[in-house]
Amino acid sequence: MFLRYLRQQREFGYPPLILGKSEEPLPGAMLFEDGRAEPGTATATAATTTSATPESAVAAPDSDGDESSAASLSELRDSVGDCRLCGLHEKRSKLVFGVGNENADLMFIGEGPGADEDRIGEPFVGKAGQLLDKILIAAGIKREDVYITNIVKCRPPGNRDPQPDEVATCNPVLKRQIELVKPRIICALGRFASQTLLKSNDGIGRLRGRWYDHGDIKLICTYHPSACLRNESYKRPVWNDFKMLRDEYRKIRSD
Ligand code: URA
């Protein structure tokens, strides 16, 4: 009887009955697009606060491929030009270099441009980007203060994973972007960016929710905003990761 009641509560989208310690509600930004409150996320795990570097983590980005000596982001962008070094250029519309504050303390790195980004030439401007904007607002982080880019700068057709040769071709550009911006914190958005930056095959569920050392930059991973749009149960862990990110970001900026 009671179980049926609980099941009905979930079906109607009510938050779970929490016996004992209750979780703080998700901020408005993490609610559904139609304004409905988020149903229970009883199975979502809380982020850990363990600071650790797993065996698989690398201390610094790859140095494979050509090094870039561009002295500024605009010089780097010019040097990339109308890049045709890998097959991704064949189907792309616009190369999506990166956007934001050149001296950002915080850098977000996604996987690669989607259809909207390919059309507009800017990262995270589609639906996933709009959710990222909302999460940033909820965390009190201004989009114009951060720098946003992707592992690969051209859209993989049909949003497939970038191939190893495509990642390797783009790597010197990403590496130089990181060197020039000199962020104190990197947030890898989604499985692909997290696995690439950490050189790990672990799933994002294992990688997220903790701090890594990426050279002298602190790195955290979380689910991709588009995963949250597909599966509501990712919203709670994403918000937990963003709270860790926000706290560290505040600490760094008050130093
Ligand atoms: N997904 C990404 O990983 N990057 C973007 O720029 C847009 C969607």
Side-chain angles (χ1 to χ4, degrees), residues 29-30 33 61 73 76-77 80 83 86-89 91-102 104 106-137 141-171 173-178 181 183 185-200 203-205 207-208 214 219-232 234-235 237-238 241-242 245:
M30 304 297 284
E33 299 302 306
L73 285 175
L76 181 63
R77 175 65 192 90
V80 170
C83 178
C86 81
L88 288 181
H89 81 272
K91 297 221 163 115
R92 72 151 185 246
S93 161
K94 289 203 170 120
L95 187 148
V96 181
F97 178 74
V99 73
N101 185 333
E102 305 210 350
L106 172 58
M107 183 184 252
F108 288 94
I109 303 180
E111 173 176 335
D116 294 312
E117 291 75 17
D118 178 66
R119 188 167 43 82
I120 293 169
E122 201 176 294
F124 285 96
V125 290
K127 282 217 160 75
Q130 285 156 22
L131 179 57
L132 177 63
D133 288 349
K134 290 183 184 177
I135 302 171
L136 287 174
I137 289 169
I141 299 171
K142 293 192 184 130
R143 181 166 168 138
E144 63 265 29
D145 285 347
V146 306
Y147 191 81
I148 307 179
T149 190
N150 284 303
I151 298 283
V152 294
K153 313 304 186 204
C154 298
R155 184 184 184 213
N159 297 340
R160 64 157 169 76
D161 277 5
Q163 300 293 304
D165 66 303
E166 296 158 355
V167 173
T169 305
C170 256
N171 186 60
V173 180
L174 177 62
K175 183 170 178 278
R176 193 70 187 140
Q177 283 176 307
I178 296 171
V181 175
I185 304 171
I186 289 177
C187 176
L189 294 169
R191 171 191 56 84
F192 190 86
S194 304
Q195 290 179 335
T196 303
L197 291 168
L198 291 174
K199 289 194 169 167
S200 170
I204 181 67
L207 295 175
R208 60 156 287 272
H214 191 69
L219 187 146
I220 195 166
C221 308
T222 194
Y223 292 108
H224 198 285
S226 63
C228 291
L229 293 172
R230 285 193 302 269
N231 185 341
E232 66 204 45
Y234 293 139
K235 290 186 174 184
V238 165
D241 296 339
F242 265 82
L245 182 60

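Both ligands and their constituent atoms are indexed starting at 1 by order of listing. What you see is a predicted model, and the numbers here were worked out from it, not measured in a lab. All heavy atoms count here, side chains included; hydrogens, waters and symmetry mates do not.
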message = Looking only at distances, can you tell me whether any N or O atom of A128, backbone or side chain, sits closer than 3.5 Å to an N or O atom of ligand 1?
response = no

N or O pair under 3.5 Å between E111 and ligand 1 =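 Looking only at distances, the answer is yes, because the N/O contact criterion of under 3.5 Å is met.
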
inquiry  = Please report the interatomic distance CG(L106) to CG(L136), rounded to the nearest 0.5 Å.
reply    = 7.5 Å

task = Take every heavy atom of E122, measure it against each atom of ligand 1, and state whether any distance is under 4.0 Å.
result =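 It does not; every heavy atom stays at 4.0 Å or beyond.
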
query = Out of curiosity, is G126 lining ligand 1, as in a heavy atom under 4.0 Å away?
reply =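 Contact absent.
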
remark   = The residue among F124, Y234, F192 that forms ring pair (Phe, Tyr, Trp, His ring centres under 6.0 Å) with H224 is F124

Salt bridge present between [X] and [Y] (N-O < 4.0 angstrom):
X: D116; Y: K127; value: no
X: D133; Y: R143; value: yes
X: D241; Y: R208; value: yes

task = Could you pull out, from E117, K127, K153, the option with a heavy atom nearest to atom 7 (C) of ligand 1?
result = E117

[X] heavy atoms, cut-off 4.0 Å: which ligand 1 atoms fall inside?
X: G110; value: 3 (O)
X: H224; value: 1 (N), 2 (C), 3 (O)
X: P123; value: 6 (O)

task = Starting from atom 4 (N) of ligand 1, locate the nearest protein heavy atom and write down its residue, its atom name and how far away it is, to 0.1 Å.
result =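 That would be N150 OD1, 2.8 Å.
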
query = Nearest to atom 2 (C) of ligand 1, what protein heavy atom do you find, and at what distance?
reply = G112 O, 3.1 Å

request  = List the steps, then state whether side chain to side chain contact (heavy atoms under 4.5 Å, CB included) holds for L174 with K153.
outcome  = CA-CA 9 Å; L174 177 62; K153 313 304 186 204; 4.0 Å; yes

note = Shortest non-hydrogen pair, V96 vs E117, comes out as CG2-O, 3.3 Å

